[in-house]
Amino acid sequence: MQGFNQLNKAFESRVRLGIMSILLVNDWVNYTDMKDTLGLTDGNLASHVSSLEKLEYIQVRKEFVGKKPQTSYAATQLGKLEFQKHIDGLERLLKGS
Amino acid sequence: MEENKKHLDDLLHIRSMMERSSRFLSLSGLSGVFAGIYAIIGAAIVYFDFQAGSLTYSEYVRSTAGAENQDKKLMFLVAIALMVLLSSLVTGYLFTSRKAKKQGLKIWDKSAKRMMLNLFFPLFAGGVLCLVMMHHGLLGMVAPLTLIFYGLGLYGSSKYSFVELKYLGISEVLLGLASAYFYGKGLLFWTIGFGLLHIIYGSLMYFKYEKPAK
């Protein structure tokens, strides 16, 4: 099982995998866009976001657009690095078999 | 094997999320086909109008600027071109929103905006330049310039949509350049670029990505 230890448990969930994929190719993505792209319903996103934030893989920015509060997300350097490692790990596992 | 399938699914999921969030993939190939058909209809109307009149297209674009019959004809040509553009945009919007609905996506998302911005900025510049050319009576440059700037717009916007748009863009630019060289043959090049190429591109995209699986 070469490369097994490259897989990151944090990215086991589909939602977290999706969040990181989106943030790898976009700078800042707001809550609504994130939710729509992932095809999630309200409330589902929050727990996954906070777990990724706790690991410092993503950063969260809250600001006011007009009078409405808006939350946006971006991947940190660490998050991008770890996610890239995870992708490499997946590829290696597939090739090795 | 179970494990492997999950890994593969994960990778596919990653790829699809990356594409979906950065590229506008709801653009329907059928809208290209229809845009091509409208362009050919428009070009045919113009062609037969010239056939019926005393001047050919080539003679017309070389005629002196400001001549009374030139201005009248110009209004007619611009009206036809705008009608082709407008009906293409409306049909394109209808087919694209239908496709977006099928995919469960919003039509007007961030990637759509980025694509449109990259497409319409060159188109805006080209449009203004065409007006300037008409103002100076250089009518023969209008068809080449619309082809060139449209191609540049497609080339730039392909980064935010289907990569195939890039090749359509390159073809339009090359056609436009050739058309500028063969001054006076603009109508023919325009028909190939906006008519034929759209139909070819649109059907290729339709059969590649949209054709309902049997």
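The sequence lines fix the lettering, A, B, ..., with proteins before strands; numbering per chain opens at 1.
Using a 4.5 Å cut-off between heavy atoms, Ile87(A) contacts chain B through both its backbone and its side chain. Looking at Arg114(B), the atoms closer than 4.5 Å to chain A (heavy atoms on both sides) all sit in the side chain, from C-beta outward.
Between the side chains of Ser72(A) and Asn30(A), no donor-acceptor pair is found at a separation under 3.5 Å.
Relative ring orientation between Tyr38(B) and Phe34(B) is described as tilted, the plane-to-plane angle lying within the 30° to 60° band.
The residues Glu82(A) and Lys80(A) are annotated as not salt-bridged, no charged nitrogen and carboxylate oxygen being separated by less than 4.0 angstrom.
Highest contact tally toward chain B, considering only Leu23(A), Leu38(A), Leu24(A), Thr37(A), is held by Thr37(A) [criterion: heavy-atom pairs under 4.5 Å].
Seen from the ring of Phe50(B), Lys73(B) counts as a face-on cation partner, given the 6.0 Å and 45° thresholds.
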